[in-house]
Amino acid sequence: MRVDCNCSSWVRRMKNAAKEKNLAAKSVKEAAGIASGVSETELRELAHKLSERVKELNCLYGISRLVEERKSSVDEILQRVVDLIPAAWQYPEVTCARIKLKNSRFKTANFRETNWKQAEIIMVNGKRFGTIEVYYLTEKPESDEGPFLKEERNLIHVIAERLGHTIEHKLAEDSLQSLYQEEKKLRERLQAEMQGRIDFTRNLIHELKTPLTSLVATSQLLFEEEKNKKLVKLAQYVSEGANNLNNRIDELHDVVKGEIGTLELDLKPLNLGELLVSLVEETRALAHQHGISINLKMDGSLPEVYADPVRVRQIVLNLLNNAFKYATEGGRVIIRVTPKSSFVTVEVCDRGPGIAEHVQQHLFEPGYQVAQPAKHSGGLGIGLALCKLLTELHGGKIWVKSQPGKGSSFFFTLPLLGER
Ligand code: ADP
């Protein structure tokens with residue numbers, strides 16, 4: 001009766017285990033026959049078979065746990081699988097195992113090749129990766145496959161299959177890891193290079209500005225104090241040149257700061273109309289020097305924008321300077337302002353030579369210049385790049401419409417107050 005009791009609880013346990021592991025299915029069916037009354041010898045045989053299946057399950061469970069251990073390398077997994085195998089075979093004390101790969105071997109401590117061998121191929125990504133071999137060290141009675149059971153054939157097959165999947169997974173993980181490491185190294189090198197360039201540009205700007213600052217001040221003084229008309233004219237040229245150079249260096253500095261994300265705006269409610277009126281007054285003399293008239297067109301009073309006045313001045317001045325430079329003599333430059341529901345559009349329009357369509361998309365790239373006749377040369381190709389940077393920092397957009405021979409219109413938008 002005691003035996004019956006133990007057996008039926010075994011059967012129950014095995015029934016549960018069999019749901020997860022198909023290998024045990026057959027034994028469970030056999031064990032289920034107990035209920036219909038079988039002899040004690042048959043029961044012992046069944047109990048033996050069940051304990052064999054439990055060993056197999058333990059082996060598979062051990063392999064599953066190995067697979068879940070994320071830190072183990074493929075080599076570690078293979079060695080531990082080899083060590084798990086003997087306990088699952090019918091005669092563990094005389095069982096040894098080996099996993100053979102192209103360039104490496106993983107063996108149990110007692111490994112020796114004999115005549116009693118069972119083997120299975122490990123396939124990885126559809127290709128032969130290696131073999132698992134199980135040997136009996138001494139002769140054992142013949143069974144389904146030499147001395148081996150057909151359940152052991154199934155088991156070695158399942159182990160090989162599991163290992164194949166695990167290795168596929170690990171290899172993919174490893175290559176992802178090495179890709180990540182490579183990308184990290186590359187990123188660090190790039191950052192170091194960028195930092196080097198930033199430091200170099202900062203030093204360069206400093207070196208250029210130091211002598212220039214005294215040149216600007218001295219030439220300005222000379223221009224104001226000198227009585228000799230000829231010398232005044234010369235001093236004026238020097239002063240203008242020095243100021244231009246100073247502005248270019250500041251622009252270059254701003255572009256660099258913009259590119260590394262350290263350019264900041266001082267945003268506040270801004271009366272754009274007032275700012276444009278004063279800019280037009282300021283630049284009228286310069287426009288006249290170029291033989292050009294300047295007009296501001298806006299409908300009534302404009303709603304306030306949310307912007308940095310210094311930077312908006314910089315954008316408009318850049319566009320105006322270009323327009324003066326390129327507008328045909330005797331022509332007109334127009335600033336047109338159009339408010340929309342959430343932003344305002346400013347247009348600076350000239351009737352100059354215009355810009356070919358295929359170069360328009362490059363105009364806002366730093367350093368881009370269109371080959372020009374001598375009278376228009378002299379820039380660094382950073383004015384429009386800076387305008388784009390500043391407009392976008394405000395949350396606006398900048399673009400150009402131009403037709404060769406008919407002139408150009410540069411547009412930019414700024415958000416209205418309350419829209420940011
Ligand atoms: P730069 O500082 O050299 O003037 P910009 O970035 O301001 O550089 O302008 C880039 C190029 O765009 C110039 O080389 C010029 O060819 C072209 N460009 C800019 N504004 C105009 C314009 N109003 N009409 C024709 N070409 C223009």
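Values below: every heavy atom of this structure, side chains too, minus hydrogens, waters and symmetry copies. Every number for a ligand or one of its atoms is a count from 1 in the order of the listing.
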>> With heavy-atom distances below 4.0 Å as the criterion, list the atoms of ligand 1 near Phe410.
In response: 20 (N), 21 (C), 22 (C), 23 (N)

> For Ser408, is the nearest heavy atom under 4.0 Å from an atom of ligand 1?
Replying inline: yes

> What atoms in ligand 1 come closer than 4.0 Å to a heavy atom of Gly381?
Replying inline: 1 (P), 2 (O), 3 (O), 6 (O), 8 (O)

> So, are Glu133 and Lys117 salt-bridged, with charged N and O less than 4.0 Å apart?
Replying inline: yes

>> Tell me which one of Leu286, Val280, Ile294 satisfies side-chain contact (heavy atoms from CB on, under 4.5 Å) with Leu320.
In response: Ile294

> Looking only at N/O atoms, are Ala323 and ligand 1 under 3.5 Å apart anywhere?
Replying inline: no

> Are any of the side-chain nitrogens in Arg98 or Glu113 under 4.0 Å away from the carboxylate oxygens of its partner?
Replying inline: yes

> Does ligand 1 have any atom sitting under 4.0 Å from a heavy atom of Phe364?
Replying inline: no

>> Tell me the contacting part of Arg248 for ligand 1: side chain, backbone, both, or neither, using a 4.0 Å heavy-atom threshold, strictly below.
In response: side chain

> Which atoms of ligand 1 are found less than 4.0 Å from any heavy atom of Asp350?
Replying inline: 22 (C), 23 (N)

>> Is there a polar contact, in the sense of an N or O pair closer than 3.5 Å, between Asn322 and ligand 1?
In response: yes

>> Regarding Lys49 and Glu52, does a basic nitrogen lie under 4.0 Å from an acidic carboxylate oxygen?
In response: no

> Can you list the ligand 1 atoms lying under 4.0 Å from a non-hydrogen atom of Ile355?
Replying inline: 25 (C), 26 (N), 27 (C)

>> Could you tell me, atom by atom, which parts of ligand 1 come under 4.0 Å of a heavy atom of Lys325?
In response: 4 (O)

> Can a cation-pi geometry be assigned to Lys397 and Phe412, taking NZ or CZ under 6.0 Å from the six-membered ring centre and within 45° of the ring axis?
Replying inline: no

>> Regarding Lys268 and Asp266, does a basic nitrogen lie under 4.0 Å from an acidic carboxylate oxygen?
In response: yes

> Are the charged groups of Lys185 and Glu182 less than 4.0 angstrom apart, N to O?
Replying inline: no

